[in-house]
Each structure stands twice: as structure tokens, then as C-alpha cells.
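In the text below, chain A, chain B and the rest are named by the order of the sequence lines, each starting its count at 1. Quick caveat: nothing in here was measured; it's all calculated off a predicted structure.
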2 protein chains.
Amino acid sequence: MGLLMARQAVSDYGPVQLLDVDELEPDDLIAPCGSVGAPTVSIEKIENGQEGGRLRRRLEEIWGRPVKALMSSEIGGSNGLMPIVWAAPLGLPVVDADCIGRAFPELQHSTLELAGISPTPGVMTDERGNLVEFRTQSGIWLERLARAATVAFGGSSSSSEYILSAGQAKAAAVLGSVSLAIQIGTIVGSAAEDPVQTLVRELPAERLVTGKVVDVERRTTEGFVRGSAVVEGLGADRGRTIRLEIQNENLVALEDGQVLASVPDLITVLDSDSAHAIATERLRYGQRVTVIGFACAPIWRTPAGLGLAGPRAFGYDFDYLPVEARADARA
Amino acid sequence: MGLLMARQAVSDYGPVQLLDVDELEPDDLIAPCGSVGAPTVSIEKIENGQEGGRLRRRLEEIWGRPVKALMSSEIGGSNGLMPIVWAAPLGLPVVDADCIGRAFPELQHSTLELAGISPTPGVMTDERGNLVEFRTQSGIWLERLARAATVAFGGSSSSSEYILSAGQAKAAAVLGSVSLAIQIGTIVGSAAEDPVQTLVRELPAERLVTGKVVDVERRTTEGFVRGSAVVEGLGADRGRTIRLEIQNENLVALEDGQVLASVPDLITVLDSDSAHAIATERLRYGQRVTVIGFACAPIWRTPAGLGLAGPRAFGYDFDYLPVEARADARA
């Protein structure tokens, strides 16, 4: 859906300029942007095209100066493309960076939070024209209040928070993530043979299992998708059963109670033929998939990063180990 | 609790001036104020004293001019006293008026909504220092979003909305309601004999039943108290059973399926000895009570008023009849 919206926006308004953060002046204001809510809702309840402009106007009123560029709040999923959707009609450039280096379910899961950038004032809107503005004591309080507003809006919303300068972004954002996404797309799209194998080699990633989705349990609740998916191995993996636990994103991959990979590392379900990513809201019985795990941005492996988005931050009672270390230990 | 807080504020900061709306300049800004949420929560989760000042500062930033007076969002319950709690430390006067002429559970239940005054920008805060600002398409959307934030805050919050000028208040607010509350207090406090009988005669009100609370069912849910109370008649009313249906306030009084009184008229439970009002969150088994019904402010009996806060607006499938007409029909 994000790709469809981005293509439509570019077709209607022309292409969007991708800027390195260094191409902006240090004081230039950057607005991170994205959808908040349950992806199962976002694929049916879509924006009407006014959201980005409304948020930009309000941010400029609050800051008293222009927004010079947009940036993805998270490069994973539809939000990787949301800046394009907003930037095309506004004639704004998009910065080659994002605020996580992957997707995470909650607003405080941001490298900007780790850098001490204020999460608020933040603004949120819906397709009806309602606007809510937050000035909170913490990123957690922003998450609670923004999530509550999102649920009131029907389960998804459009929002901008952790507004920052280009100088701050250079130090605090995950740089180059749009380029990396394009590079991954190029690898997958141009692979001479087996795109999954090519991607695993080039990222690099750990192949966790190749098999079939045999069960999906998914609830849209409190502004999130929560649930799990089970993949049964095929071919060389026959007899193996891997369970993915989901909160919007894949949080943990488990096999017989053993952790194969966990947040903050990335766990991605790929179509085994095309290597296209299958987001959690698109998982369904019978899909032939390969689950891969790969390294998060380095900052998430620091004590502060793990404190904010490690397994224990999501309620799990085990310590983080890098996905490649877990693979080595099994080998 | 509202009375305790108001007494403390006046003891700490001195008395608060009560103004007729005519004593203000027509352009003077008035901030309605009150708690939002479930009264069962508000009696335990109290303000810390900073809320009124924080809301006033933010309102003045938004409007670019000073707030000249506070006004009760609703004269019923603790919110009748909340302007005193906020005004004493701020040195502001309080206007002798409110926005309903009683209490109603939802934010759009306001004579200011009937007058077409914009509900937003509205501001809401909590005791931790978080602040949320709403710019909505309607009073209903304000209610949905403010209620969601209130639940996120733990079930109660402090808020100001339907900000207006003194000129607008003169035409749209319920004038003299603070004086009326004081007058009722004086009648009850100085009654030579039976205070309930004196109050019923002076208001005037319909006595619906005198008896004992024999059942209270009360849930704190979605930022409201919902439930019901049953009063069994005593003395001349022995054998009668009256059921009150509650959403923060008493919405309907029923006897054997027959409506005795309903919104927007007032249904008040009085201690049978003292004639002190017993709010819904204080109802409990065994209380000796007299339930009275009396006329709402005239605007609520207009088609627009009944559309916003008549029985059907609360989900009941019957038409409104004034409480005195229902009493006459039974007599």
C-alpha cells in the first residue's frame, strides 16, 4: 500500500529529491513522518492526501520556521515510503536516513530518543482533518497518548514527532537507509539466480528456515497487531518448526523454545521465490517463505539501545545475543 | 473532593472573586475548566496544583492574549468548584455561569456547542506535566480524542475547551449558575425543618421516591462510570422500586419500566436527612435517600438541546417529556 501511494504521488506531482543530510544547512528543520497504528488497519484505512500538508503547516506554526525536508520515521514497511507520499505534493526533499534503521512498533523506539532529542511537540492527524498535538514528559508518554488517539481515529493515523535539525540528524539518525533500501531492491530485482540466496549473501543475513506458513494468529488490538506465525520447514529444513512472535513487527524467532533471533536484530519473512518481503499483516497460510535474521544498526546493540528495544523491553525474559552469534553457537 | 480542594486553595491563596459576565469586557477571554474522566477515579487521583496554571499558559500562547476569567465547564459535581481550585493560585476571577447548567458526561454536551462556539483548540493536562492539544472537526471528535487521552492518563485529566469571549458567554453560557448553587446551599443549610422538603418546594423539584439504596452496580470503563442504582421505597413509598441508570451522572429514573425522569432534566439523589447531594461515585448500599427530578436549563428542552443531550442521544428509545409533565401525568 505504501508503494502504491508513493507511485501515485510521484505520478501526480513528479519525482522527489533524495538528499544526503549534509546537503542541508545544520539548522534546517527536518520532520520525521509516518503512519502510526496497526498495519492490518493501515492497508484498508488509507490517507486522503491532505495529511502531510496539514502536519507540515502546524509544525511550521509551532517552530516559526519552514520544514526543509522530510525523513522516514522508520525505513521498514510502508513507513519507508511515507515521506515520498507526503513530499511529492509539498515539493519537499527527503533525507537519505531514518529514525530506526528498521521498523519498530512504538514511537519511543527511535535512535532520536537514544540521542536525547525531544519527542515533542509532536503532531498527529487523520483523514477527517482532526489534529492532536502532544507535549509530553517522555517518549513513553508520547507513545501512550499517540496510541490512544490512533485507536480513537480507528486504528491508524499520520504523525510527525522527534522534529530535529539537520545537524542533529547527522549525529542521531540512521544515515543512508533509503540508499540501503534501494540497494536491497536492486539486489533482489536483478539477481541472476536464487534472489533469496543472493540477498542472504549480500546483506549478509542468517537464513533461519525455509518452509511454509502453517499457522497465523493475529489480533488487531490497542492500536497494534499482535500474534504469531508458525513456519514448518521444507526440503533440507523438513521437520523443523519455527515460531515468530509479532507486535506489528517480528520480535522473536523461536525453535523448540530456543531463540534463533530477536529484537533489536531484524527478522524478515521473504517469499522464497522472489525474495520480496512479506510484512506481518500479509502473512497467510500456505505461503512458501524463507525467514532471515540480520544485524540491526549498531546503536541498538549498545546497552542504551538494548534497554530501549532489546528483548526485555518487549517483555521477554532472556538476554540479547546478536543473530550471527546465535547462528555460530548452533553451528 | 472538589470542595476540599477549593477550600485548600482559598486557604492558601485567598478568596476568589465571583464576577457577573457583564463585568468583563466583551472581548475578554474566558477559559471553561474542569476535570474529565470517571468520578470514581477523580476522587482518588487528584490534581497536584499545577494543572490550571499550565493550561492557562498554553491557552494564552495559542490565543496570544491573556485569559481574563475562568468558568465552570459544568456546575454539577466537583467541576462546579474546579474554577475556584484553579483561580485562587492564579489570581483570576470566576464568572457566575457555566456551560451546561448541570453536569453531563461528555464534552460536547455543552450549551456552547449548541451556540456554535468552536470546541477547539482545547488543551488537556495531567499531574505529571503532559499536555495534549486538540484541533478537531467537531465536539464529538474532541470528546473521542479527549476521552482516549484521559484513559491513557489513568482515568481522569484536567482540561479546558470551548474557549470563548465574555460577549459569547453572555449569549451562550448558563448565567447565574454559581449564584444558584450558593442559593441552594443556603436553602439546605438554613432550612428550619426538613431540608429535603424545603429544597423540593424552593427549587421547585419533583420528589420521585424516598427510600433506601439497595443495590449499586458501577463499572469504571472507557473513562466513564457506568452502571445503575436501585432505591426501594420506605414509609409512604414502601413497595416501590426505582432504578437509576448512570453514565457519570444519573441519566434516567425508571419505575416498573415507566420513565419518571430523564436527561436533560436533572435527577439528583439527596441524603434524606441533610438534603446533601450524593454523587454517583458515592452511592452505596443502605443510604437513606430521596431522589428528586427538576427542570434543566430551558435551552436543553429545545429540539437542538434534545438532539444533543435528550434520551435518544444517550441511546434510549423513548422521547423526552419534562419531569413535571411526567409527574402530572402520574398524578
Side-chain angles (χ1 to χ4, degrees), chain A residues 36-38 48 50-51 53-64 106-108 118-161 163 221-224, chain B residues 36-38 48 50-51 53-64 106-108 118-161 163 221-224:
Chain A
V36 174
N48 75 2
Q50 309 290 310
E51 292 81 351
R54 189 179 305 119
L55 294 178
R56 195 256 300 245
R57 276 194 304 281
R58 186 67 198 133
L59 291 174
E60 293 184 343
E61 285 169 14
I62 297 171
W63 265 265
E106 300 180 15
L107 291 172
Q108 80 279 9
S118 176
T120 64
V123 290
M124 173 171 277
T125 192
D126 72 348
E127 71 283 7
R128 305 167 193 89
N130 295 300
L131 193 137
V132 188
E133 205 172 306
F134 306 98
R135 286 153 207 269
T136 63
Q137 295 295 309
S138 66
I140 298 270
W141 271 107
L142 171 65
E143 162 61 25
R144 287 180 187 152
L145 292 163
R147 191 69 47 181
T150 297
V151 171
F153 282 146
S156 77
S157 63
S158 309
S159 108
S160 184
E161 55 280 314
I163 315 304
T221 173
E222 296 173 343
F224 294 112
Chain B
V36 174
N48 76 0
Q50 309 289 310
E51 291 83 351
R54 189 179 305 118
L55 295 178
R56 195 259 298 247
R57 276 194 304 280
R58 185 68 198 130
L59 291 174
E60 293 185 342
E61 285 169 16
I62 296 171
W63 264 266
E106 301 180 14
L107 291 173
Q108 80 279 10
S118 176
T120 65
V123 290
M124 173 171 276
T125 192
D126 73 347
E127 72 282 7
R128 306 167 193 88
N130 295 301
L131 193 137
V132 189
E133 205 171 308
F134 305 98
R135 287 154 207 268
T136 61
Q137 294 295 310
S138 67
I140 298 268
W141 271 106
L142 171 66
E143 162 60 27
R144 286 180 187 151
L145 292 163
R147 191 69 48 180
T150 297
V151 172
F153 281 146
S156 78
S157 63
S158 309
S159 108
S160 184
E161 55 280 314
I163 314 305
T221 173
E222 297 173 341
F224 293 111

*Interchain contact, B:Arg147 with chain A, by part (heavy-atom threshold 4.5 Å)*: neither

*Segment of A:Val132 engaging chain B (4.5 angstrom heavy-atom cut-off)*: both

_Just checking B:Glu60: does its CD atom have more than 12 heavy atoms from other residues, nucleotides or ligands closer to it than 6.0 angstrom?_
yes

_Looking at chain B, which one of A:Ala149, A:Gly122, A:Gly129, A:Ser138 has the largest number of heavy-atom pairs inside 4.5 Å, strictly under?_
A:Gly129

_Could you check whether atom CD of A:Gln137 has more than 12 heavy atoms from other residues, nucleotides or ligands sitting under 6.0 Å from it?_
yes

*Is the backbone N or O of A:Glu133 less than 3.5 Å from a side-chain atom of B:Glu133, with the two atoms forming a donor-acceptor pair by type?*
no

*Among A:Thr120, A:Val123, A:Leu131, A:Asp126, who wins on heavy-atom pairs under 4.5 Å with chain B?*
A:Leu131

_Beyond-backbone contact of A:Arg54 with B:Arg135, side-chain heavy atoms, under 4.5 angstrom_ = no

_If you define the side chain from C-beta out and look only at heavy atoms, does anything of A:Asn130 sit under 4.5 Å from B:Phe134?_
no

